Structure formats: structure tokens, C-alpha cells
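Data block below; observations after.
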Amino acid sequence: MSGKRKRQDTSELQNNVFNGGREVRMYINCMVNINTEDNEDTSDSESSDIDEEDIEDVSDDEYEEEDDSNEADSLDEDDTDEENEQHQEDNEENCDTKAKNKQHTRSDRDSGIDDSPNDKEETTEDKYKLFKSKATRRQISKTKSTSDKDTQECSQDPEIPDEYEEDSSDEEDLRNTIGNVPLKWYDEYPHLGYNLDGKHIIKPKRGDTLDNFLNRIENPDFDRTVFDKQTGQDVRLSDADLDIVKRVMSQKVPDASYDYYAPWIDHFTYEVMEMPLSGRTDSKKSFVPSKDEAAYVAKRAEQIRRGLIQYTHKREKKYHFYDLWSDKKRLRRIHDPMPAPKVKLPGHWFSYNPPREYLPHFNKPFGSLREVPGYKHFIHECWERCIDLYIAPRKRVLRVNASSKDLIPVLPKAQDLQPFPTMEGLVFKGHRSIIRSISIHPLGKFLASGSDDQTVKIWEISTGRCLRSFDIEAAVKWVAWNPSSKLFLLGIVIEKKVIFLNPETYLTDKVVVKQTNAVFKEEPDQGDYIQPERVRTAVTWRKPTADEWAKGYRIVIDHFRSVKQIVWHKQGDYFATVIPQGDHRSVLMHQLSRWRSQVPFNKCKGLVQAVQFHPKLPFLYVATQSHIRVYNLQKQRILKKVQANCRWISSIAIHPGGEHFLISGYDCRLNWFEMEYTKRPRILRYHKAAVRCAAYHRKYPLFASASDEGRVIVSHGMVYNDWLKDPFIVPVKELKGHKMFEGLCVLDVTWHPYEPFLFTSGADATIRLWH
Amino acid sequence: MEQQQQQQQGMSEDVNLLVKFTTKQEQYAVPGTSVSVRASTNPSGLDKVIGAFIKHDSDYQKSLPNFHFIVKGQLLHGTLQERLEECGESFESVVEIEYLEKQPPPTPKDSLHHDDWVAALQCSDKWLLTGCYDNTLHLWDVAGLAAGKGDRAHTLTIPAHRAPVKAVTWVHTDTPTKTFISTSIDQTAVIWVWQSETNTVECVSECRGHTQSVECVAVDHSKQFFATGSWDNMLKIWSTVNKGVEEEEEEEDEERDLKKRRAAKKPQKKIPILTLGGHTESVGGVVWTGDREVATASWDHSLRVWDTDIGGIKSQINGNNAFFAVAWSPLNRLLLTGCADRFIRMYDPRVTEGAVVQQKFSSHTKWVPSVKWSTTKEHQFVSGGYDSIVKHWDSRSPKIPLYDLTGHEDKVLSVDWSHPRFIVSGSSDCTVKVFTDGQP
């Protein structure tokens, strides 16, 4: 829209506004054009001089145009009358409450409701007002100060008592007391409500359309008169009301005097507190120093003085700054940078012959640089390859170089564990059948062996010479020398008999031999001792016949079933015999000096395989097929029952220290038990066949075990006095030499009493000494 | 590489040594000048060098023998270079090589059959005495052996003991009335007098005192005392002289018939002059190392030298194994021991500090129950082992014996070299093998 057009519009509007008896309809028009007027207003403020002149001009033209419009409008008067009403109502509703209030106040001021002359007065008054305002405008244009205009206006309107103009306290219209109900309810009645006294407020006479028409023509304020439904009267809007209406319609602040750009005053900020929160004066107490605080400070000071409180100063955080320009090659955030792998620089030949994997098509290397075909991306690809290599993610892998050998525990060299038997020293030949058992005399000079060829032979250890041979009537199952130094006696087991033999001549001290003979010459006096039935039926002691005596027999003990083993107690007076099929009488204890026997156990669970005496204490180890029971013979009760970890025990050997024992089993395993901790034995699995027997050396930390595969394995088994230290077991030597015979090979192993010599008896009718 | 090797070989071949030959055998002496020989020369090469020298210098007409060469105290078996490297000697200095005539190998002369294992034997100048496991002693004529008569040289069988004989020794061999001692498992040592002319033997005295088998016996140089070691850990010193001690009346029944078989005259019972206890195990070997000095080897891993005057231990050498035998030579005053571990060890009883083992001879594969020094040659000895080989050693050659004397089929139980010409050995194959040493 051009500036000229604007000006026309505004002049038209001003015409509308300022001519007195215009219709409401015109007023509506002016509503439509409010926007343009706004624009003008803004321009107004910019150049006030020109505007004033314009306004002057407009006011001159005002009345001329007014007539024309009146004539034109009169034609369609009737038709639009109803509409006007409607618009008016709508207008009222749309208006802001303030505008409404002003209407009311305005109507309020018009005291007589029903008398129209009042109306006229008012209008004259308004006219006068308008005139005045015109005059003031003129004055303003003369003085050219907008700010003074208001004050002048105020000073020039002293007669209008406008004290409560802005006061909204009595905004309710108290003349009609029907409340907030739709007025159409009163359409059928002559009144439209009730006044404060409870009397009808009679609807004022509206007149007919002719009156209305006349009114419109005659009344200059017609277009600014609105109908007040509440009171049923016409209300003429003042200029101020119109102004408010206009401002509201243009969404402005209704108050024209409102300054948008007034300087903001901060009464309360975090910086300024000009106003106190409360008006109370500070108490007197607040100026007196606090006793509580004084006491607290004194207490803390005292504590600091005593050193109870120590102030540890916070360490200042050390900042690390990345030194961008340092010479050190430390990359940012990469703390442990890995350089790209160093590749050997390609030589001349490789400069045009890349590695084969890059060129799958060229199988033939170029002989010289001349033959290399041109390729424009060559340099670029080389560069990219290098970059690829350089920025490829790398990871440092900590590889553990572990080989299978590292898993094997470090064992000492066998040489360091010497002495132990390493080679065959002697072969004792002479038997004609399987040698079941061997026993070495405690003095270490003789060896006794019992064989299936029904002989017992006594050998000289140093030469391997058979010194004596005794014919026994049956296959010999077990031989055992009496450990006592005062008796020279060999216990022999055949079938159901146990025979004690004195090999006699020259093998040992004559005195000992004589003594031995003397002991067994006479049967000891039994006194009033009566053998229990259980024992008597099991064992019979008897003196040998004269023939037998000549053969060397000294005592013969007949058992009720076949005997397997005879074990001497270390003192040589007591011995135990094992009868595997003896049911509850499997183990028998005998006393040699008194010719007495006893059955130590009322019950025997399982088949007893072997028994052993503890080397130091009065304990008896009884091995059944899968258990070992340790009995205290003195207290006559069981000490321990050990699960042998073995399906079928073949023999038991007790360490000379007494704290350990060895169990060999037919299931190819050897178990080393500790007396104090029998739950987990050390299992030695180096045999591949049934282990026949095992034996400890009395002096050296050695033990040996023999199995049916024909091997005898010698192990170093060191036992420490420190109870926490485990025994140190190292297999040191595997001895082979015996030949297989009927699936049997080595049947017995024994150690020399003080030399590191091992004796093995085999099914091949030889005894071998290993040194 | 090949070239390098060749070069190395060439280098080694090119290494020349300055050697100086010396000898104690004057008939083969050569001028004492240094000669340059190659380092890779072996004994046969040196033989040629020496031969050339001898022939050049003198008019030695006979065919030259072979020689042994002693380099740095040991006999040379390989090349000079190896020997010098072994010693850690430099090749720069002059190497002194002693050479001596190589003896001809001992020749097996005879095999004497016995009824049982031969446990002990000793040769005098004319007669060989053997002790057997069948309780008998046998006397053989050495002259007959030399003539190769074999079993016909057997002179006398003596049913001497009630148990196997363990040791024998001659005492007096000069006069026609000869004396010898035998010990046995029957816990006695018996002194015998043998009239060689009439071939009659008499049990002069029976030495009782040991409570177990008497394993070894040795006679003093003065022939007045003898010492016995036994399984009862005791060493006992006896007098050979018959002092006419009253014999005991009490006798066991069993021994009666044996006594009858012995000489009509009842043997005298002897008691030891001195009993030396101290060994914790049996005494395996005993030898006199001086007039009043006895050395014993025991199973308790110790060698002890006893003073018979004061009756106590003079010195003790501890070993690692049980000792079975000991030998001592007046020529070099060194002890040789046979151990339970197949090595022969040489000890010097005068050295008590540092390395007590002077030399270790390793060639036997089993136990060595007997060793004997030569009575005439300072450096030579023989040993018999359970590997049924008798070895002839030079003490300067610890790894390789001079000769292996084979022939036995079972354990060699005893050897003897008392007669300078004869090496005899008794074995458990019931034979005695006779070898002549040196010239046949």
C-alpha cells in the first residue's frame, strides 16, 4: 500500500470518528481499518509536524464528506438495522473488560436511564470535549512537545470528576440485580430485571424504525451510541472509550499513557537490595558476639594446639600438558606407541619387482627397470600401501613362550640323588623254580630264599654263592629272618605250616646258634594257661620230630588253613601270620618264647592281604583288599581306617620313620600314604602291570616296587622332619633283567639292611642283586 | 665348508710339536734332543720315530720291540693332540715323552680244574696254593704249570676246613718245611705246615676268636705275625710262631671226625695277640703296609690304617662304597682297592688331605673283588672282576688296561701275581687260570 492511499484511509476513518451522528455500522468499518490507522500512528510519532497539518486538513474536509455518506447510507438503512444490533452485541462481547467497564462507567455517569435529554446533554458535553481536544491539538502543534500535551489536557479538564475512572472496585452494575443470567429470559416481560429495591426495571421504549431513522439523521452521535442490554438504554461512547476500543482491537495496551520503553528499575536483584525484606529493625542481640561460636573456636584451637587435628593440605593436582613441540616421540593419548614395523628397504631390484602377493598376474619378474610398463598410479599406490601399513591398528601381544617341557616339574638329576642301585651286580642261580620270597639276614651277609622247588636256600651276598640248601616238604611261600640278634632263626611258610629253621653251621656266631638251639630244645612251661577254643582250633605248636630237628627245624606251627605270610615284630619275639581264608581268624599273633597264639580280632572284614608291624610303635597295619586298618596293640583298639585308593592291595611297606607307608596294588598303582593325612595319597602310576610288592630301604631314602611287567622301579623318597614339607619322590631308576615265566616276573624285592643294594627274586628262578 | 674343514685338518696336521724322548731302559736310549713331530701322531707313529733314532745312532741289529709312551704321566693310547688337550697343555712347549718297551701280552698257560669255586689262591716261587669252596685246599706245582702239565701238576688236596675256604697265604716258603695259612667261613684261620719232600701236611694251630667268617688274611714281612679280617667287623693280629699254648679239651661232637682226618697230632688252639675293633661292617681286605702297620678295607666304606704297636687307628680314608679288597705294594707304597661299584681306586695312605683318590681305574663292568700289585713292576697290577675278566693294568693308564685276560666263564673271585712270572686267577667256574707274564 502506498503512502497516499494510507492517508486517504486514515482521513476517512477520522471522518467517521469525528462526525457526530454516524451509525454503528460506520463504526464497524472503522474497526476494519484500524490496522491502517496504526500504521499512521507510528508514522505519526516519527514526523509530528506534518501530521498535525494533515489532521487540520482532514478536519476541514470532514463535514463535506459526512453529508455524502449519510445520503448514501440512508438507502439501505432498514435492511441493516438488525445487523447493526447484532454487530454491536458482538462488539461488546469481543471488547476487553476494560473497555466494557468504561462503557459502564460511562453509563454510570449518565445518571437518568430513561430520560433521553440526558443523552443529549452528554453528547453536547462530548462535543465540547472533542472541540477542546481539537484545540489542544492545535496548541500541541504550536508548542511541538508531545509530553506536555497530557499535562495540558489534565489541567484543562478539571470539571470532570474522574477520581474513580480507573478504579475497578465497583465494576458490578448494581442497578439490575438479576445476576449473571441471559437477558433473553426477560424478553417476554415488560421489565428487564430488578433494581436494588426489588422493583421492576421497566424496559425503556425503543421507538419504532421511524424514530430510529430520525434519530440517526438527527443525532450526530448515532454512530457512537450503543445499546446496553443490561439497562435497555442507549449509551454514547466517549472518545476515550473509542480510543480504548481501538487500542484493544489493534492488540495494544488499552492505556494510551503506558510507556513501553520506560527504564526498568530493579528493586530486588542479587546485587541491589534497595528494599529490606522486612521492616523490622535488627535486634540488639545481633550486635553482641555469639558465645557458642566463641566456645567452638576455643575448642578447635585447643585441639589444634594439642595436635589432635592435623590439617593435611590437599595435594595440588598436577596437570600434565602435552608438549606439542617436544622432541620426544610421545604421541598424544597413545602412551605406549608402537612404531610401524621396520621393513628392510627394498633394493634396486625390488623397487620395480614388488612382492609376489601384490601382483598375482605378473608371474614373471622384470629383469630391468626398462621392462616395467608405465603405470600412472604407481607412486600413489605405493604411498597408499605405506599409509595402510602405517596406520593399521597394532596390538602388542604378550605371548607366553611355554613349551610342554615347562609343565613338567623340575626334578633333580638322578646323579645328585645317588647312591641308588643302577646296575645288576650279581645273579644268584641255583633254584629250579619260582622264587616266592627272599629275606636278608639283619647282619647283611646272608640271604634266604624260598622257592616253589620246595627248597630254602641261604646265599652269601658278597659272592652269590649258595651256602646251604634245605629241602622242605612243600613249596615255600614266605621266608623271614628273625630280626633279633640273639636268635638265628628263619621263619618259613609252607601250606598250612610255619616252620622255624636254624640254619646253624658257621653262618653266624656259634654262641647265637647254640643259644637258639637251647631255647627250642624244651617246650616252655605253659603253667595254668588254658588256650581258648578259638585259638586251639586254629593253631597248634609242636616240637619237630627227630628227623626234622636234624634238618634244622626247631618249631612247627600247624594252622587250620593255608598261611600266606609271616611278619616279625622288630624285637623278634612276637610275630603275626596271615591266613587269607581264615575268615575272622585271618590274622594270628604269636609269641615265640612262650609258644602262645592269640586271635587279636573278633571280626575281620574283607580278605586280609598283608600285615605289617610299625617299626617303632606297637601298631599293626592290616591290609585287606581295599582298606588298611591300623591297630594299636597296646590299647587294643583301632587307630585308623584308611581307604586304600586301590582295588586290590598286594602288599604294604612301612617307612622306617613310621609316618609313611606304601601300598602296592594289583591295579598298577603305587600309593604313598602319610599317616597324618591319609585322605589323599600320592599316586605313582609308573607301572603298567600289577604291582607285586614294594619295599623301603632302612637307611637310604629309597624305595622300590616290582611289577608283573618285569620292571623294578627304584625311587628316591625323601621324608623330612618338617611336617609341613611333603615327601620328595623322584623315580630314579628302572631295573630290568628278570625274565617272564608263566606271566610272572619279579615276585619279591628286598633291600640290603645298610648298603644301597636291591635284591629281587623272580619267576625265572634267579635272585638278582642290583647295586 | 669343506674347504674350511680341510683347512682345519690341514692346520691340525700342520701343527708340529717339539718332543723330547727319554727312557729308563738304556739299551733303547736316544739322544736327548728335541724332535718335531706332528700332533696327530699316535703310538705306532712314535714307534717309527724311535725306531729310526735307534737304528740311526747305534748298530742295533735285533728287531726292535714296540714301546709304550708316557705323556704327562699317562700312557698314550690315542694321538698326542688328544692327550695334550685332555691335560690342557699348550702345544708350544717341549713335550717330554718317556718310552718303555712294550711287554708282550700275557699268554694263557693252563687251566686247573677244581671241584668247586676257587675262592682264594696264592703262588709262591714253586708252589701254588688254592682254597676252594668245597672246604679243601689244593697245592700245585708251579714248575708243572710252567711246563703246561695242567691237572697233573696237582700235588695235594687237603680237607682243611668245615666250611668254604675264603683266603689263603703262604708264610714260609724257603725251607723244605713250608708254612701257609688258610681262613674259612667256619670262623677259623689255620696254620699248616707242609713237608714238600714227603708231601705231608700238618695242621699246626687253629686260630679261633672270630665269631663269623674269616674273610681275609695277610702275613707280615717279618713272617712273625699275620692279620685276619672277618665278617664280625674285627681285625685280629696273630703270631705265626707256635708258642705251645695249652689246647682246650672241650670239643664239639661234629668236629671230631674232621679232627681225625686232620693230622694225628692235635692242632694247637691259638688266641689273637691283638683284636682291633672299629669297623662297623665286615672287613673285606687286609694288608700289611709296614712292619707294624696294617691297612684294612671294610664294607663300612672306609679304609683304615692300624698301628699294631699301640693297637689303634692311624689314619682313615672314607670312600663312597663298600670295599671288598685292598692291595699294597712296597715298590710304590700305594693302596689299591676293589669296590662295590666296578671301579678300582688307588689311594695314597700318606695323603690325608685333598683328593684322597689318586686314580680311578674304570674298565670293569661289575664288582672287583680282588686286586694285586705286581711284586716286581712298580706300575703294574692285576684285577679280577665279576665280569669274568682278569685285567692287567698299568697304573698310568686309568681308562684302558694293558691287557684283558679272558678265559673264565664266571665270576673271578681272586687273582694273584706273587710269582713274578705267573698271573693266576681263581673263579666260580671252578677253574684256576694261569697266565705267564712277559716272555713265554
Side-chain angles (χ1 to χ4, degrees), chain A residues 415-430 440-447 458-469 485-486 488 503-515 517 550 552 699-700 737 752-759 768-771, chain B residues 116-120 133-135 161-164 166 184-188 208 210-216 230-233 252 254-255 280-282 284-285 299-301 319-325 338-342 365-370 385-387 410-414 426-428:
Chain A
Q415 292 170 344
D416 304 337
L417 302 174
Q418 275 177 337
F420 56 84
T422 52
M423 56 197 294
E424 188 184 284
L426 278 173
V427 183
F428 300 73
K429 286 178 191 164
I440 294 167
H441 190 263
L443 291 176
K445 304 294 187 299
F446 307 115
L447 167 74
I458 293 173
W459 309 79
E460 188 185 35
I461 283 171
S462 59
T463 56
R465 164 84 186 188
C466 174
L467 291 176
R468 299 293 300 268
S469 180
S485 59
K486 288 173 186 157
F488 191 60
E504 279 204 348
T505 32
Y506 310 121
L507 293 179
T508 188
D509 197 348
K510 273 182 221 162
V511 182
V512 175
V513 174
K514 266 188 210 164
Q515 205 177 327
N517 284 344
K699 284 173 82 179
Y700 292 96
H752 192 271
Y754 47 86
E755 289 288 329
F757 300 158
L758 181 70
F759 296 85
R768 281 163 208 261
L769 182 155
W770 310 86
H771 68 91
Chain B
D116 211 333
W117 294 11
V118 182
Y133 261 88
D134 60 355
N135 314 349
H161 284 277
R162 291 167 291 242
K166 292 296 277 190
S184 158
I185 290 181
D186 66 3
Q187 305 162 8
T188 58
R208 295 181 171 222
H210 283 296
T211 57
Q212 288 204 36
S213 161
V214 185
E215 285 287 292
C216 51
S230 162
W231 275 355
D232 61 3
N233 313 349
E252 284 182 31
E254 305 165 32
E255 294 173 358
T280 55
E281 296 301 336
S282 62
W299 286 39
D300 64 1
H301 306 190
N320 291 323
N321 269 298
F323 291 111
F324 289 155
C339 298
D341 66 346
R342 75 201 164 86
T365 55
K366 286 190 176 174
W367 289 357
V368 185
S370 63
Y386 281 171
D387 52 0
D410 207 343
K411 301 182 282 283
V412 177
L413 298 176
S414 63
S427 160
S428 59

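Quick note on labels: first sequence line is chain A, next is B, and so on, each numbered from 1. All figures in this text were calculated on a predicted structure; none of them were measured in a lab.
- Looking at B/D410 and A/K429, no side-chain N of the basic residue comes within less than 4.0 Å of a carboxylate O on the acidic one, giving no salt bridge.
- Smallest separation of non-hydrogen atoms from B/K411 and A/L426: CD-CD2, 3.3 Å.
- Taking the side chain as every heavy atom from C-beta outward, A/E424 and B/K366 approach each other to under 4.5 Å.
- With a 4.5 Å cut-off on non-hydrogen atoms, B/S282 touches chain A through its backbone and its side chain both.
- The nearest pair of heavy atoms linking A/T463 to B/K166 is CG2-NZ, 4.2 Å.
- Heavy-atom distances place the side chain of B/H301, and not its backbone, under 4.5 Å from chain A.
- At a threshold of 4.5 Å between non-hydrogen side-chain atoms, the residues B/I185 and A/K445 do not count as touching.
- Using a 30° and 60° split on the angle between ring planes, A/F446 and B/W231 fall in the perpendicular class, above 60°.
- If you measure heavy-atom distances from B/F324 to chain A, you find no contacts under 4.5 Å at all.
- Between A/L467 and B/Y133 the shortest heavy-atom distance is CD2-CE2, 4.5 Å.
- Using a 4.5 Å heavy-atom threshold, the side chains of B/D300 and A/Y754 count as separate.
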inquiry  = Quick one, A/R465 with B/D116, criterion side chain to side chain contact (heavy atoms under 4.5 Å, CB included). Give me CA distance, side-chain angles, the key distance, then yes/no.
reply    = CA-CA 11 Å; A/R465 164 84 186 188; B/D116 211 333; 2.4 Å; yes
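- Residues B/E281 and A/E755 fail the side-chain proximity criterion, which asks for heavy atoms closer than 4.5 Å.
- A heavy-atom distance below 4.5 Å is found between the side chains of A/L443 and B/Q212.
- Aromatic ring centres of B/W299 and A/F757 lie farther apart than the 6.0 Å criterion allows.
- Looking at A/T422, there are no atoms closer than 4.5 Å to chain B (heavy atoms on both sides), in backbone or side chain.
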